[in-house]
Peer 1: 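One structure, pasted below without further comment.
For clarity, every value in this text was computed on a predicted model and none was experimentally measured.
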Amino acid sequence: MRDKRATRRATALGTAGALVTATLIAGAVTAPAASADTRHGQDREARGAAIAAAKAEKAGIDWQDCPADWNLEKPIQCGYVTVPLDYAKPYGKQIKLAVDRIGNTGTKEERLGALVYNPGGPGGSGLRFPRRVTTKAPVWANTAKAYDFVGFDPRGVGKSAPISCADPQEFVKAPKMDPVPDSEADKLAQRKLAREYAEGCYERSGEMLPHMTTPNTARDLDVIRAALGEKKLNFLGVSYGTYLGAVYGTLFPGHVRRMVVDSVVNPSREKIWYEANLDQDVAFEGRWKDWQDWVAANDAVFHLGATRAEVQVKWLELRAAAKKSPIGGVVGPAELLGFFTGAPYYDSSWIPVATVFSKYFAGDTQALVDAAAPDMTDTAGNIASENGNAVYTAVECTDAKWPTSWKKWDRDNTRLHQNYPFLTWSNAWMNLPCATWPVKQQTPVDVKTGKGLPGVLIVQAEHDAATPYGGAVELHKRFKGSRLITEKDAGSHGVTSLVNPCINQRVDTYLLTGKLDGSDVTCGPHVTPKP
């Protein structure tokens with residue numbers, strides 16, 4: 001799932017509810033068994049990946065100071081790795097992937113190699129990862145002594161042959177419909193927007209679209225490994241990055257040294273990607289209620305109600321006001337949801353969201369406008385937002401077969417909305433371009449343990465909304481010898497960067513020694529925010 005702290009995907013299709021920072025969301029049709037043609041194609045792509053990795057190992061990476069507009073301070077260094085657009089044609093068109101690194105902070109003797117990171121999405125940039133060292137993030141201090149921290153922009157993202165589906169400024173400023181439809185006419189309008197968005201992806205990025213898949217990004221990851229001079233990969237994946245890791249571990253099991261996956265996408269073929277989105281709608285509702293309970297428990301601070309039901313009344317009142325007349329002329333229901341979605345995503349958003357919510361009912365509407373309205377002056381941010389949305393859509397739509405029947409979408413989302421209204425329709429519109437996707441949709445990889453795959457460390461919060469807990473359980477079953485750490489009674493998306501010694505120490509131990517606990521572990525929650 002895409003990380004909403006960096007970007008809110010409030011789009012003309014509705015408000016992004018769910019991905020990751022990743023974001024994720026899933027395929028409703030059971031994938032057929034691989035045909036002979038499919039297997040032949042996979043064989044060609046495997047050979048192409050081996051050819052590309054051999055070339056990259058020989059070429060290495062020409063590390064330089066990062067370009068000034070990348071906003072990556074010294075001693076972080078930047079470079080590029082060349083990969084085939086189509087791995088079935090390894091000598092055909094090539095694209096360049098942006099990578100960066102910072103060396104380990106310990107001695108040469110302490111160094112264990114490179115740790116490569118993916119933050120999720122699909123569509124998230126990993127280039128900020130080395131800044132965990134320059135900003136001295138304490139949770140990562142021990143790991144940084146042993147590893148170079150390496151980030152990259154996946155294919156299509158940011159500095160790596162970026163794709164686009166719409167003009168960025170038009171994308172951001174386009175009026176947003178209320179995600180919750182009032183009529184069949186509303187649904188028809190949203191369907192038209194989704195179809196036009198899919199067409200825009202093809203018009204602007206048609207050459208890239210057929211190759212914007214998780215298996216290709218996994219092959220890219222192996223080429224990066226080779227270019228770094230690493231015989232085996234050390235990998236940290238969060239949100240969608242866990243699915244990337246799962247696919248990499250399936251395609252290249254003997255190339256994995258250590259792998260940590262945090263906040264796990266359900267890797268089942270039946271879930272990628274349509275069904276995973278439906279599961280997400282249910283989980284978001286549960287975490288939304290957790291936040292409302294917390295707001296109610298702190299009524300002395302926020303004055304929004306002493307019970308969950310009272311807080312919900314305030315939310316519905318605010319939503320109705322935004323629907324009747326956009327707040328400040330710019331914050332309607334879609335923009336409102338884009339901001340409030342932060343609360344079920346991350347505990348770190350609990351206080352900021354509740355504070356803005358409280359200020360509105362105290363008469364301060366400007367705080368809400370400042371927090372939720374699109375910033376038309378942020379050209380770079382708007383380009384990144386449009387690009388992130390384009391990659392998210394392209395990867396999920398191309399990875400798997402989606403339902404093409406509007407009756408199915410309508411039936412499933414109407415049913416879910418009755419009990420899980422917070423995110424359901426917004427999530428549906430976000431993903432509806434996949435129903436009319438203009439390039440061939442693939443069959444997802446059958447994620448499983450292969451020869452040489454070492455024990456993988458899986459970390460998951462029990463109440464995660466973006467990647468529900470069942471995904472971690474499913475990957476644990478599929479990766480034999482893996483260990484699952486559950487953060488009980490917690491629900492932040494992205495656990496490994498939070499302060500929780502029970503988890504932090506085990507992540508450090510695994511990355512530094514390769515040792516896993518003898519059995520799965522349940523940890524208590526990290527500290528709940530206090531206003």
Side-chain angles (χ1 to χ4, degrees), residues 3 5-6 21 60-61 63-66 70-79 81 98-120 124-154 221 224-225 227-239 241-242 244-245 248 256-263 348 454-459 483 485 487 492 494-516 523 526:
D3 186 337
R5 287 172 294 191
T21 201
I61 300 172
W63 294 110
Q64 304 282 342
D65 289 341
C66 298
W70 290 24
N71 298 313
L72 296 166
E73 64 273 17
K74 294 181 181 181
I76 299 170
Q77 295 180 303
C78 293
V81 174
V99 295
D100 66 346
R101 73 168 182 185
I102 192 167
N104 72 302
T105 61
T107 64
K108 284 185 178 180
E109 291 73 26
E110 289 177 294
R111 185 178 180 276
L112 295 175
L115 177 64
V116 184
Y117 172 71
N118 180 270
S125 169
L127 293 179
R128 309 295 284 176
F129 182 54
R131 298 197 74 246
R132 295 189 184 182
V133 178
T134 60
T135 58
K136 296 180 168 56
V139 166
W140 295 101
N142 291 330
T143 301
K145 288 181 181 179
Y147 288 96
D148 304 344
F149 278 20
V150 176
F152 72 105
D153 275 355
L221 187 56
I224 291 171
R225 171 201 60 76
L228 290 167
E230 300 282 315
K231 295 301 181 186
K232 294 197 175 187
L233 177 72
N234 305 296
F235 180 73
L236 169 63
V238 181
S239 191
T242 68
L244 175 59
Y248 182 90
V256 178
R257 184 165 179 252
R258 288 168 197 168
M259 180 180 288
V260 178
V261 288
D262 169 5
S263 304
S348 60
V456 170
L457 183 60
I458 302 169
V459 186
R483 289 290 177 268
I485 300 175
E487 189 182 27
S492 261
V495 176
T496 49
S497 286
L498 301 175
V499 177
N500 186 332
C502 177
I503 295 171
N504 305 144
Q505 290 166 10
R506 286 178 165 84
V507 171
D508 277 350
T509 296
Y510 173 71
L511 288 174
L512 295 175
T513 70
K515 293 180 181 177
L516 293 167
C523 293
H526 61 274

Peer 1: Any cation-pi pair here, R132 with Y117, using under 6.0 Å and within 45°?
Peer 2: yes
Peer 1: For a 4.5 angstrom cut-off between non-hydrogen side-chain atoms, does V256 reach Y248?
Peer 2: yes
Peer 1: Tell me the closest heavy-atom pair linking V139 and S497, and the distance in Å.
Peer 2: CG2-O, 4.0 Å
Peer 1: Do P154 and L221 make a side-chain contact, defined as non-hydrogen atoms from C-beta onward lying under 4.5 Å apart?
Peer 2: no
Peer 1: Considering non-hydrogen atoms only, spot the tightest contact between V238 and G494 and give its length.
Peer 2: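 Taking every non-hydrogen atom into account, CG1-CA, 4.0 Å.
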Peer 1: Are any of the side-chain heavy atoms of V99 and W63 separated by less than 4.5 Å?
Peer 2: yes
Peer 1: Hey, are D262 and T242 close enough side-chain-wise for a donor-acceptor pair under 3.5 Å?
Peer 2: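 No, no side-chain donor-acceptor pair sits under 3.5 Å.
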Peer 1: For the pair W140 and T496, evaluate side chain to side chain donor-acceptor pair (under 3.5 Å) and give the outcome as yes or no after the intermediate values.
Peer 2: CA-CA 9 Å; W140 295 101; T496 49; 5.7 Å; no
Peer 1: Can you tell me how far the OG atom of S125 sits from the CG atom of D100, to the nearest 0.5 Å?
Peer 2: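 Result: 7.5 Å between the selected atoms.
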Peer 1: Just wondering, do Y510 and L516 contact through their side chains at under 4.5 Å, heavy atoms?
Peer 2: yes
Peer 1: Supply the atom-to-atom distance L115 CG to F129 CZ, rounded to the nearest 0.5 angstrom.
Peer 2: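 These two atoms lie 4.5 Å from each other.
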Peer 1: List the atom of I76, the atom of R131, and the distance in Å for their closest heavy-atom pair.
Peer 2: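 Distance-wise, the nearest heavy atoms are CD1-CG, 3.8 Å.
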Peer 1: Write down the atom of A114, the atom of L228, and the distance for their closest heavy-atom approach.
Peer 2: CB-CD1, 4.1 Å
Peer 1: Can you spot which of R483, M259, R258 makes a side-chain contact (heavy atoms from CB on, under 4.5 Å) with V456?
Peer 2: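 So the option named by the test is M259.
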Peer 1: Going from NE2 on H526 to SG on C502, what distance comes out if it is rounded to the nearest 0.5 angstrom?
Peer 2: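 If we round to the nearest 0.5 Å, H526:NE2 and C502:SG are 13.5 Å apart.
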Peer 1: Can you name the salt bridge (Lys or Arg N to Asp or Glu O under 4.0 Å) partners of K231, sequence neighbours left out?
Peer 2: E57
Peer 1: Could you tell me the separation between the CG atom of L457 and the CG atom of L511, rounded to the nearest 0.5 Å?
Peer 2: 7.5 Å
Peer 1: Given P75, which partner from the list D65, V133, I102 fulfils the side-chain contact (heavy atoms from CB on, under 4.5 Å) test?
Peer 2: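 Output: one option passes, namely I102.
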Peer 1: Just so I know, are the side chains of L112 and R257 near enough to count as touching, which here means a heavy-atom distance under 4.5 Å?
Peer 2: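 The answer is yes, as the side chains (C-beta and beyond) meet within the 4.5 Å cut-off.
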Peer 1: If I take atom CZ from residue R225 and atom CG from residue N234, how far apart are they, to the nearest 0.5 angstrom?
Peer 2: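 It is 11.0 Å, given to the nearest 0.5 Å.
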Peer 1: N104 and E110: side chain to side chain donor-acceptor pair (under 3.5 Å), yes or no, with the steps?
Peer 2: CA-CA 8 Å; N104 72 302; E110 289 177 294; 5.7 Å; no
Peer 1: Quick one: salt bridge (Lys or Arg N to Asp or Glu O under 4.0 Å) pairs with a partner in residues 135-148, sequence neighbours left out?
Peer 2: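 Those involving residues 135-148 are R111-D148.
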Peer 1: Can you find a pair of side-chain heavy atoms, one from P130 and one from L72, that are under 4.5 Å apart?
Peer 2: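 Not in contact.
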Peer 1: Less than 4.5 Å apart, any side-chain heavy atom of T134 and any of K74?
Peer 2: no
Peer 1: Search all heavy atoms of I61 against all heavy atoms of G79 and return the closest pair with its distance.
Peer 2: CG2-CA, 4.0 Å
Peer 1: Between atom CZ of R128 and atom CG of N71, what is the distance when rounded to the nearest 0.5 Å?
Peer 2: 6.5 Å
